[in-house]
Undergrad: 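Submitted below is the structure of interest, expressed as structure tokens.
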Amino acid sequence: MTVMSLTPEEKETLEVFRKQVFDEEIIQEGDSVGTDDATLLRFLRARKFNLTESKKMLQNCQQWRKTVGGDGIDALYARLDPYDYPEREEIFKSWSMYFHKANRQGRPVNIQFFGGLNLPKLYKHVTPERHWEAIVVNADSLTREVLPAASRAAGKHIHQSIVIVDLKGFGLSQFWQVKSLAQASFQISQDYFPETMGQLLIINAPSSFTFIWGIIKPWLAKETVEKVDILGSNYREVLLDVIDAENLPEILGGTCTCKGEGGCDLSGAGPWMVERNERKRNESTEDSGSGEKTEDVAVIEHNSPITHPIDDK
């Protein structure tokens with residue numbers, strides 16, 4: 001949904017919403033949450049264009065962004081780059097979550113594997129606090145870097161991702177390990193990054209998943225539940241209907257291996273990584289000319305221009 005596709009009443013609500021959140025200093029220009037129409041529309045859609053509820057949601061989001069990690073999301077993102085931190089490979093052995101290229105609509109694909117989940121083993125190498133911070137910056141990278149880069153690559157507004165959760169090898173014992181963490185992850189996604197998931201495909205769902213789903217489902221908003229497709233082991237054709245084989249990791253039935261880039265999970269392959277690499281090359285050139293050091297962490301403006309402001313359908 002973009003401004004172009006709004007009804008006259010929705011456009012008016014958007015303008016009133018924009019004026020109120022700026023007048024009340026809930027947001028200010030330059031805030032990393034985003035101040036563009038696409039961001040404001042996400043909060044309005046999440047609360048069915050109810051101004052009071054949408055404003056409250058954005059206010060709560062801003063408060064969280066200012067306090068998470070002790071000094072706020074921007075400081076956390078600066079010190080923990082979601083694509084390059086020392087414990088990343090160790091964390092991915094237990095619970096890998098990564099963005100990998102895009103589907104046929106241009107939506108970035110977020111892939112998560114739960115089969116190797118072993119939190120007691122992981123926490124011998126990484127503190128639970130550090131693990132949680134890694135989850136938080138991964139979530140923030142979607143709106144901070146991934147969606148803006150995907151939009152520029154597609155030449156249209158891309159405001160949602162597609163999520164694939166692979167449960168091969170996942171059972172009840174692992175679910176009890178991750179239950180609280182999973183619930184907290186769903187909570188920040190729905191409350192602080194609303195309307196960013198277009199579809200959730202759960203593959204290799206075990207026989208115990210009926211019980212697990214019964215616990216998870218109440219955590220989710222009705223609109224989120226409607227986007228969930230639960231599949232067994234015959235998922236390959238379903239995935240290839242929405243994602244080209246060259247963009248789908250080989251382990252999921254595609255042909256991509258990201259050879260030479262650390263594999264699909266660690267590569268971070270997609271327009272966002274292309275932009276990161278371009279920035280690093282530019283910084284390297286500037287550094288060689290000036291002798292000054294610059295930050296490696298990429299921060300992309302939400303208001304960066306997009307060539308064709310048409311809807312992500």
Side-chain angles (χ1 to χ4, degrees), residues 1-68 72-74 76-77 107-108 110 135-151 156-163 183-200 219-227 299-304 306 309-313:
M1 179 185 290
T2 64
V3 175
M4 294 174 63
S5 63
L6 298 178
T7 66
E9 293 79 10
E10 289 171 338
K11 287 181 181 179
E12 182 179 354
T13 301
L14 172 61
E15 290 308 309
V16 172
F17 185 52
R18 172 177 289 282
K19 185 176 188 307
Q20 288 184 0
V21 295
F22 273 97
D23 287 350
E24 297 175 30
E25 298 185 346
I26 295 173
I27 60 172
Q28 299 177 1
E29 286 296 345
D31 282 353
S32 63
V33 69
T35 59
D36 56 325
D37 287 339
T39 298
L40 298 183
L41 279 171
R42 288 197 291 106
F43 287 88
L44 283 170
R45 288 201 311 270
R47 292 296 178 262
K48 303 186 186 303
F49 282 79
N50 180 301
L51 277 171
T52 301
E53 292 300 315
S54 299
K55 191 162 56 176
K56 180 181 178 181
M57 186 182 201
L58 180 55
Q59 194 167 29
N60 290 341
C61 173
Q62 284 289 73
Q63 179 61 26
W64 176 80
R65 293 182 70 83
K66 291 174 183 175
T67 58
V68 66
I73 191 67
D74 295 334
L76 177 59
Y77 205 91
R107 289 176 172 176
N110 179 255
I135 292 171
V136 168
V137 294
N138 182 76
D140 190 53
S141 73
L142 175 61
T143 53
R144 187 183 291 259
E145 296 194 56
V146 174
L147 288 173
S151 296
K156 62 180 181 178
H157 282 291
I158 303 294
H159 60 265
Q160 293 180 320
S161 67
I162 174 173
V163 181
Q183 186 173 12
S185 299
F186 278 124
Q187 183 258 319
I188 66 166
S189 177
Q190 294 185 130
D191 292 353
Y192 308 135
F193 304 95
E195 296 293 312
T196 55
M197 186 185 74
Q199 185 178 18
L200 170 58
W219 303 344
L220 308 178
K222 175 176 173 289
E223 292 77 11
T224 301
V225 172
E226 292 173 351
K227 299 174 183 177
V299 177
I300 298 181
E301 295 294 334
H302 290 257
N303 297 324
S304 299
I306 295 172
I310 56 179
D311 204 2
D312 163 23
K313 295 181 179 179

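Predicted, not measured: the structure shown is a model, and the values here were computed from it. This chain uses plain numbering: 1 for the first residue, then up along the sequence.
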Undergrad: Minimum heavy-atom separation for Arg42 and Val33, please, with both atom names.
TA: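 Closest heavy-atom pair between Arg42 and Val33: NH2-O, 4.3 Å.
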Undergrad: Check Ala139 against Ile188 and note the closest heavy-atom contact, atom names and distance.
TA: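 So the minimum-distance heavy-atom pair works out to CB-CD1, 4.3 Å.
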Undergrad: In chain order, what residues pass the ring-ring contact (aromatic ring centres under 6.0 Å, His included) check against Phe43, with sequence neighbours excluded?
TA: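 Counting only residues at least two positions away or on another chain, Phe43 forms no ring-ring contact (aromatic ring centres under 6.0 Å, His included).
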Undergrad: Tell me every residue that passes side-chain hydrogen bond (donor to acceptor under 3.5 Å, both in side chains) with Asn138, counting only those two or more places apart in sequence or in another chain.
TA: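 side-chain hydrogen bond (donor to acceptor under 3.5 Å, both in side chains) check on Asn138 returns nothing, list empty.
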Undergrad: Mind checking the CG-CG spacing from Leu51 to Leu14? Nearest 0.5 Å is all I need.
TA: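 Output value for this atom pair is 9.5 Å.
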Undergrad: Whether the side chain of Asp31 engages the backbone of Gln28 through a donor-acceptor N/O pair (distance < 3.5 Å, no angle test) should be reported.
TA: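 Confirmed, Asp31 side chain pairs with Gln28 backbone.
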Undergrad: Is there a donor-acceptor pair under 3.5 Å between the side chain of Ser54 and the backbone N or O of Asn50?
TA: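 It does hold such a pair.
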Undergrad: Are Leu6 and Leu41 side-chain neighbours, meaning at least one heavy-atom pair lies under 4.5 Å?
TA: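 Yes, their side chains come closer than 4.5 Å.
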Undergrad: Got a list of side-chain donor-acceptor pairs under 3.5 Å for residues 191-200, not counting sequence neighbours?
TA:
| unit_1 | atom_1 | unit_2 | atom_2 | d |
| --- | --- | --- | --- | --- |
| Asp191 | OD2 | Gln187 | NE2 | 2.8 |
| Thr196 | OG1 | Phe193 | O | 2.8 |
| Gln199 | NE2 | Asp229 | OD2 | 3.1 |

Undergrad: Does Gln20 have any side-chain hydrogen bond (donor to acceptor under 3.5 Å, both in side chains) partners at least two apart in sequence or in another chain, and if so, which?
TA: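 Only Lys55 meet the side-chain hydrogen bond (donor to acceptor under 3.5 Å, both in side chains) criterion with Gln20.
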Undergrad: Will you find, in the side chains of Ser161 and Asn110, an N or O donor that is under 3.5 Å from an N or O acceptor?
TA: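 The criterion, which ignores hydrogens and geometry beyond distance, is not satisfied for Asn110 and Ser161.
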Undergrad: Applying side-chain hydrogen bond (donor to acceptor under 3.5 Å, both in side chains), can you list everything that pairs with Glu223, at least two apart in sequence or on another chain?
TA: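 Per chain and number, Glu223 pairs via side-chain hydrogen bond (donor to acceptor under 3.5 Å, both in side chains) with Lys48.
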Undergrad: How close do Leu142 and Pro148 get, counting heavy atoms only, and between which atoms?
TA: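 Of all heavy-atom pairs spanning Leu142 and Pro148, the closest is O-CD, 4.0 Å.
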Undergrad: Below 4.0 angstrom, N of the basic side chain to O of the carboxylate: do Asp74 and Arg144 qualify?
TA: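 Arg144 and Asp74: salt-bridged.
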Undergrad: Provide the closest heavy-atom pair for Thr13 versus Phe49 in the form atom of the first, atom of the second, distance.
TA: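 Looking at all heavy atoms of both residues, the closest pair is CG2-O, 3.8 Å.
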Undergrad: How close do Tyr77 and Asp140 get, heavy atom to heavy atom, and via which atoms?
TA: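 Nearest pair, atom of Tyr77 first, then Asp140: CD1-OD2, 3.5 Å.
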Undergrad: Using modelled atom types only, decide if a donor and an acceptor are shared between the side chain of Arg18 and the backbone of Thr35 within a distance under 3.5 Å.
TA: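 Yes.
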Undergrad: If the condition is side-chain hydrogen bond (donor to acceptor under 3.5 Å, both in side chains), which residues does Glu226 pass it with, not counting sequence neighbours?
TA: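 Expected list: Lys222.
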Undergrad: Report yes if some heavy atom in the side chain of Trp219 is under 4.5 Å from a heavy atom in the side chain of Thr224; otherwise report no.
TA: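 No, side chains not in contact.
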Undergrad: Minimum heavy-atom separation for Leu40 to Phe17, with atom names?
TA: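 For Leu40 and Phe17, the tightest heavy-atom pair comes out as O-CE2, 3.6 Å.
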